[in-house]
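Okay, structure first, notes after.
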Amino acid sequence: MRQQLDPDALGEAAVRVAEAVLALPELGEPTVVSVYLSVRRELPTAPLLAGLVAEGHRVAVPRVEGQDLQMRAWSPEAYLLDGVLGIPTTDGPVVPGVAVAICPGLGFDAAGRRLGYGGGYYDRWLSASGALAIGVCVDEALLDAVPAGEHDVAMALVVTPSRTIRVGGGPPS
């Protein structure tokens, strides 16, 4: 499905998702936010990264170290490294106290379940971090149901270009 997405439409979707995420009350005050650096037709995160920096948030990006995911300091001037599985990252210091994590996924459902890439990195990190997990995706990647195992961590919110789903309470917007 992702391979068939029009690049221009994907870029427009990224802008709408960034606007929706930046409008969330959870991001009202500057905080520490982790954001993935998009690759391979994932929802682009450049508009979100720019908005977070403009609003004074401290940004961290994921880096795989062995079986662990670390959140490393990022800035627009950061030198990017080619990380595990070709995922860009930085060599910045580890950032403690991430309050909000913007999570990638192949798909999400309205219950907040995330179809990841199979390594369990985000699930392990989210379990240990206590960060508020927000899944972001195009509307086409919002699925009826995503299978989940006992170690899978559900998202608190799922944001698409057309809606924001608050899992476990509150009306969708």
Side-chain angles (χ1 to χ4, degrees), residues 1-62 69 71 73-76 78 87-89 95 97-117 121-123 125-126 129-146 148 152-173:
M1 176 274 302
R2 289 192 331 189
Q3 295 306 319
Q4 295 176 4
L5 292 172
D6 175 63
D8 291 334
L10 193 56
E12 291 171 17
V15 169
R16 289 198 307 272
V17 166
E19 290 169 350
V21 169
L22 292 167
L24 292 171
E26 292 84 354
L27 290 173
E29 296 293 324
T31 190
V32 182
V33 182
S34 70
V35 181
Y36 67 93
L37 298 176
S38 51
V39 295
R40 297 185 290 277
R41 306 282 271 198
E42 288 177 323
L43 182 76
T45 53
L48 180 55
L49 290 163
L52 289 167
V53 168
E55 291 187 2
H57 297 282
R58 186 169 180 205
V59 177
V61 298
L69 193 63
M71 295 303 167
W74 177 89
S75 71
I87 299 169
T89 189
V95 177
V98 172
V100 177
I102 307 300
C103 302
L106 295 169
F108 298 87
D109 67 18
R113 292 180 294 251
R114 180 180 78 92
L115 181 61
Y117 296 92
Y121 297 104
Y122 265 93
D123 294 310
W125 182 82
L126 287 167
S129 74
L132 178 78
I134 300 175
V136 295
C137 65
V138 294
D139 289 308
E140 295 86 347
L142 188 59
L143 308 172
D144 291 336
V146 170
D152 292 331
V153 175
M155 304 291 102
L157 296 100
V158 177
V159 180
T160 76
S162 66
R163 63 195 280 209
T164 297
I165 301 167
R166 288 188 173 277
V167 178
S173 58

Determine whether V53 and W74 make a side-chain contact, defined as any pair of heavy atoms from C-beta on separated by less than 4.5 Å. yes

Looking only at non-hydrogen atoms, find the nearest pair between R113 and A148 and report the distance. CD-CB, 3.5 Å

Does the side chain of V153 come within less than 4.5 Å of C103's, by heavy atoms? no

Quick check: closest heavy atoms across L126 and A131, and the distance to 0.1 Å? CD2-O, 4.4 Å

What's the separation between atom OG1 in T164 and atom CZ in R166, rounded to the nearest 0.5 Å? 7.5 Å

Heavy-atom side-chain proximity of R114 to D123 below 4.5 angstrom: yes

Calculate, to the nearest 0.5 Å, the distance between atoms CD1 and CG belonging to I134 and L27 respectively. 5.5 Å

Would you indicate whether the side-chain heavy atoms of S162 and D139 approach each other to under 4.5 Å? yes

If you define the side chain from C-beta out and look only at heavy atoms, does anything of M155 sit under 4.5 Å from V136? no

Indicate the atoms forming the closest heavy-atom contact of L69 with M71, along with that distance. CD2-CE, 3.7 Å

Taking atom CD1 of I87 and atom OH of Y121, what is their separation to the nearest 0.5 Å? 8.5 Å

Hey, could you give me the CZ/OH distance between R40 and Y117, rounded to the nearest 0.5 Å? 7.0 Å

With side chain to side chain contact (heavy atoms under 4.5 Å, CB included) as the criterion, how do I165 and F108 come out once you've worked through the C-alpha distance, each side chain's angles and the decisive distance to 0.1 Å? CA-CA 11 Å; I165 301 167; F108 298 87; over 6 Å; no

Expected output: side-chain S38 to main-chain T45 donor-acceptor under 3.5 Å: yes

Heavy-atom side-chain contact between T160 and C137 under 4.5 Å: yes

After noting the C-alpha distance and the side-chain angles of L49 and L37, does the key distance pass the side chain to side chain contact (heavy atoms under 4.5 Å, CB included) rule? CA-CA 9 Å; L49 290 163; L37 298 176; 3.6 Å; yes

Which pair of non-hydrogen atoms, one from L132 and one from A156, has the smallest distance, and what is that distance? CD1-CB, 3.3 Å

Could you go step by step and tell me if L10 and V138 meet the side chain to side chain contact (heavy atoms under 4.5 Å, CB included) rule? CA-CA 8 Å; L10 193 56; V138 294; 3.6 Å; yes

Which atoms form the tightest heavy-atom contact between V98 and V100, and what is the distance? CG1-O, 3.3 Å

Can any side-chain N or O of T89 pair as donor or acceptor with the backbone N or O of P62 at less than 3.5 Å? yes

Minimum heavy-atom separation for E26 and L157, please, with both atom names. OE2-CD1, 4.3 Å

Do the non-hydrogen side-chain atoms of R163 and L142 ever get within less than 4.5 Å of each other? yes

Quick one: side chains of residues 13-25, donor-acceptor pairs under 3.5 Å with protein atoms, not counting sequence neighbours, listed by atom name and distance.
none

